[in-house]
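To start, the structure itself, in structure tokens.
Computed from a predicted model, the values in this text were never measured in an experiment.
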Amino acid sequence: MHQPLHDHSPEKTKVVVTVGGMHCTNCALSLEKHLLRVGAHAPSVDFASGRASFTLHDSHRLPEIVKSISSLGYRVDAPHAGHSHGHDHSGLQKKTTVAAILTIPLLVAMFAPGSFLHDPTIQFYLATPVFLIGLHHFGLSALRSIRAGVTNMDVLIAIGIIAGYIASVVSLFQGLSHETIFFEATASIVTFVLLGNVLEERAVRKTTSAIENLSALQPEQATRLIPTANGSYLSEVVPVASLAIGDLLQVNTGDRVPTDGIIEHGSLSCDESMLTGESLPVEHCEGEHVIGGSIAVTGSATVKVRAIGADSTLASIVRLVQEAQQRKPSIQRLGDAVSAVFVPGVIAISAIILGLGLFVFNLSASQAIVRALAIAVVACPCAMGLATPTAIMVALGRAATSGFLIRGGDTLERLAKIRHSAFDKTGTLTLGSFTLGALSTHNGCTESEARSALCALQRSSSHPIAKAIVREYKEFQGTLALTSISETRGVGIEGLSSDGDRYTCGGKRVASQFGITTADDLILVKNGHLIASVSVHDEIRPEAAAVIQKLHAMGISVSMISGDLSHKCAETALALGISTVHSEKLPEEKLTVIRELQAVESIAYVGDGINDAPTLAEASVGISMSSASDVARHSAQVVLTGNTLAALPAAVSLARLTVQTIRQNLFWAFFYNLTTIPLAALGHIAPLAGALLMTASDVVIVANSLQIKLKKLRGA
């Protein structure tokens with residue numbers, strides 16, 4: 001029934017459920033208000049995906065809260081991959097089909113003078129089942145929203161069809177004027193609004209198609225290898241769900257990689273475009289990771305399972321996008337605020353127009369009722385409610401298949417405002433795959449001792465240079481044991497040997513600390529004396545220059561903030577066309593620079609290391625690559641999934657396009673309602689036409705949002 005996701009506090013439980021039965025965005029607002037009233041914290045309900053999330057301080061209250069949601073008439077299900085939308089499409093389509101079959105004769109009668117279908121009794125028998133369908137569908141939803149304290153669009157529809165049907169029945173049985181019989185209008189309103197719901201839900205489902213497509217990448221079966229006593233292997237086809245970490249899988253040309261793994265034997269050329277946006281196949285050899293869901297274009301390999309289920313890369317991407325869809329940008333508050341008071345306002349306007357028509361302007365009862373009904377039917381709070389979430393859904397879905405992940409609509413809004421981007425150097429603008437120059441030894445130290453000490457110190461660090469040292473001096477691992485290893489980010493690392501010798505390794509700051517002068521980048525000090533030094537070389541990312549150039553063309557200025565040496569930062573900046581450089585900065589100094597820049601304009605910071613985490617969190621938008629440290633990825637709001645900077649300009653372009661689309665949607669929603677409600681009040685829009693216009697307004701909003709999928713992104 002539910003999927004609890006625990007956050008860092010043991011007293012809190014994050015709950016995510018799928019809710020069926022929501023018919024419009026105001027349903028989501030009313031459910032949020034209900035969840036607040038029953039004790040849920042920070043509720044967020046997304047109509048487009050049908051997902052509701054909230055936090056509980058007492059997890060034992062979950063069944064009670066789920067029951068309260070069900071008591072409103074909604075259906076609560078557990079979320080599962082590939083079915084992100086919580087609406088009952090088949091039931092809605094059946095209702096619409098039955099209503100349409102009975103309404104068509106009533107519409108035909110409008111164009112067939114003298115037809116027997118003009119008989120009010122026949123119209124009564126045709127319209128009554130349609131009215132009952134509408135009363136069940138819209139009436140129950142209206143009651144739920146009233147109970148929750150936020151009236152939705154279905155309240156307007158229910159009032160309209162009830163008023164029209166009662167007036168018609170009274171006129172029929174009391175033999176009143178034919179002008180006050182609205183059976184065809186009542187049935188038509190129900191049918192066209194139901195049809196609009198069907199079209200709207202189909203369109204909204206398209207906004208979540210990227211999530212469903214990603215979920216569909218997970219194959220259902222895998223070929224598992226079973227070792228035998230003689231050293232050979234037997235193969236068996238098993239469900240992917242039954243795999244365990246450490247299992248060996250056989251992946252051949254054309255296969256979809258079942259789950260994340262490491263190649264034990266062989267090699268694969270994989271199509272990872274759906275996951276990373278990388279159009280060219282990626283070559284993987286022994287010891288390298290492959291991503292579950294990618295396609296083996298060529299090659300054959302034995303793959304050892306390293307992650308399964310919710311821990312896999314694919315599941316993480318799907319979960320991240322689903323969670324992001326529920327984070328609302330501030331621009332949505334306007335639509336939500338108006339939607340919350342819209343329906344009561346429309347009801348009041350309808351009542352006023354009815355009263356003015358009858359008692360001030362001397363309209364006939366039929367004319368006054370028709371105008372009041374038309375106002376109730378033509379008004380469309382859904383247009384305002386759909387304006388933001390549909391655009392956000394499409395944008396986040398496109399991002400997930402274009403090489404970057406965006407953590408929420410609020411991030412899209414901030415990213416669109418970015419006018420300056422600051423980059424870390426090592427591992428971000430450069431590959432971070434360092435090579436070591438010649439090792440120089442001093443004061444009687446042997447190369448063997450120096451390499452052993454460097455390995456013993458740096459294997460405890462996640463810094464890219466540390467990884468390069470361990471990789472190049474791997475044969476010396478374990479030859480020297482050090483304890484009390486302590487690393488100061490941006491400075492150096494030190495440890496003690498069993499003999500009491502203190503080894504310290506670092507760059508310029510360590511050299512300055514010990515009064516050492518050297519042209520090399522890294523020094524090793526033993527008991528305060530220099531014993532070795534080595535130069536370090538790093539290669540600039542091949543795509544970095546083009547990315548910087550595209551950002552400049554988009555009106556975004558660029559700077560570098562790095563802890564590296566001034567001359568190395570200057571060389572890299574010159575090669576990439578970066579004019580502003582902040583070099584030799586400690587993590588806390590990076591933070592200060594970002595704060596100073598943000599006092600002037602919105603800043604994006606792109607980094608990858610643990611020492612970048614505070615800066616990533618402080619920036620308006622933190623951006624990291626998928627190869628970054630776990631802390632950096634978790635601190636960032638945008639993750640470039642292809643381990644390349646190439647998608648960064650496209651991410652900014654998508655954010656700008658999305659905000660522009662939201663503004664267009666909101667303009668249309670306000671313009672539509674400000675135009676049609678007065679026209680209906682003046683008698684220029686009939687209830688039937690109002691139903692058609694209301695449906696059309698929703699479709700326009702969703703269609704405009706869907707164009708985000710199609711437009712070319714600048715810099716892509």
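Judged by distance alone, the side chain of Thr55 and the main-chain N or O of Thr13 form no donor-acceptor pair under 3.5 Å. No side-chain donor-acceptor contact under 3.5 Å links Ser583 to the backbone of Cys569. No donor-acceptor distance shorter than 3.5 angstrom exists from the side chain of Arg451 to the backbone of Tyr473, with no hydrogens or angles considered. A donor-acceptor pair under 3.5 Å links the side-chain atoms of Thr658 to the main chain of Leu654, judged by distance alone. Side-chain N or O atoms of His284 include none that pairs as donor or acceptor with a backbone N or O of Cys270 at under 3.5 Å. Gln598 places a side-chain N or O within 3.5 Å of a backbone atom of Glu618 that can act as its donor or acceptor partner. The backbone N or O of Val303 sits nowhere less than 3.5 Å from a side-chain atom of Glu264 that would complete a donor-acceptor pair. In this structure a side-chain-to-backbone donor-acceptor pair under 3.5 Å is missing from Glu288 to Ile262. Between the Arg414 side chain and the Ser620 main chain, a donor and an acceptor come within less than 3.5 Å of each other. Counting only distance, with no hydrogens or angles, the side chain of Ser294 and the backbone of Ile291 share a donor-acceptor pair below 3.5 Å.
Residues Thr390 and Asn704 have side chains not in contact (no heavy-atom distance under 4.5 Å, counting atoms from C-beta outward). Contact check for Leu645 versus Arg541: side-chain heavy atoms found under the 4.5 Å cut-off. A heavy-atom distance below 4.5 Å is found between the side chains of Cys505 and Leu524. Using a 4.5 Å heavy-atom cutoff, the side chains of Val470 and Leu454 are not in contact. Within the 4.5 Å cutoff, side-chain heavy atoms of Leu457 are placed close to those of Tyr503. Taking 4.5 Å as the limit, some side-chain heavy atom of Lys425 sits within range of a side-chain heavy atom of Thr430. Val606 has its side chain out of reach of Asp424: every pair of non-hydrogen atoms, C-beta onward, lies at least 4.5 Å apart. Residues Ile578 and Leu429 have side chains in contact (heavy-atom distance under 4.5 Å, counting atoms from C-beta outward).
For Ser533 against Asp520, the heavy-atom pair with the smallest separation is OG-OD2, 2.7 Å. The two residues Ala468 and Leu436 make their nearest non-hydrogen contact at O-CD1, 4.4 Å. Ile708 and Ala391 get closest at one heavy-atom pair: CD1-O, 3.7 Å. Taking every heavy atom of both residues into account, Ala416 and Val659 meet most closely at CB-CG2, 3.7 Å. For the residue pair Lys712 and Arg398, the shortest heavy atom distance occurs at CA-NH2, 4.4 Å. Considering every non-hydrogen atom in both Val534 and Ala438, the closest pair reads CG2-O, 3.8 Å.
In this structure, the separation between NZ on Lys417 and CG on Leu412 is 12.0 Å, given to the nearest 0.5 Å. The distance from atom NZ of Lys467 to atom CD1 of Ile465, rounded to the nearest 0.5 Å, is 12.0 Å. Interatomic distance, OG of Ser421 versus CE of Met560, reported as 11.5 Å (0.5 Å rounding). For the atom pair CE (Met393) and OG1 (Thr388), the distance works out to 13.0 Å, reported to the nearest 0.5 Å. Separation of atoms NE2 (His582) and CD (Glu596) is listed at 8.0 Å; rounding is to 0.5 Å. Remark: Met554 CE to Leu648 CG distance equals 8.5 Å, nearest 0.5 Å.
Glu543 and Thr644 form a side-chain donor-acceptor contact under 3.5 Å, judged by distance and modelled atom types alone. Using modelled atom types, one finds no donor on one side chain facing an acceptor on the other under 3.5 Å when comparing Asp538 with Thr426. Between Ser267 and Glu283, the side chains place no donor N or O within less than 3.5 Å of an acceptor N or O (distance only, hydrogens not considered). For the residue pair His552 and Ser557, no side-chain donor N or O sits within less than 3.5 Å of a side-chain acceptor on the partner.
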>> Quick one, Tyr605 with Lys590, criterion side-chain contact (heavy atoms from CB on, under 4.5 Å). Give me CA distance, side-chain angles, the key distance, then yes/no.
In response: CA-CA 10 Å; Tyr605 179 75; Lys590 286 186 176 183; 3.5 Å; yes
>> Applying side-chain contact (heavy atoms from CB on, under 4.5 Å) to His420 and Val558, what does each step give before you reach the verdict?
In response: CA-CA 6 Å; His420 183 91; Val558 176; 5.8 Å; no
>> For a side-chain contact (heavy atoms from CB on, under 4.5 Å) check, start with the C-alpha distance between Thr661 and Gln707, then their side-chain angles and the critical distance, and finish with the verdict.
In response: CA-CA 9 Å; Thr661 301; Gln707 55 85 29; 3.0 Å; yes
> Would Phe667 and Ile662 count as a side-chain contact (heavy atoms from CB on, under 4.5 Å) if you check the C-alpha gap in whole Å, the side-chain angles of each, and the deciding distance to 0.1 Å?
Replying inline: CA-CA 8 Å; Phe667 172 80; Ile662 291 172; over 6 Å; no
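Few gaps surround CZ on Phe514; more than 12 heavy atoms of other groups in view lie less than 6.0 Å from it. In Glu472, the CD atom is crowded: over 12 heavy atoms of neighbouring residues, nucleotides or ligands sit closer than 6.0 Å. For Glu539, the CD atom sits in a loose shell: 12 or fewer heavy atoms of surrounding residues, nucleotides or ligands are nearer than 6.0 Å.
Identified under the salt bridge (Lys or Arg N to Asp or Glu O under 4.0 Å) test for residues 567-579, with sequence neighbours left out: Asp521-Lys568.
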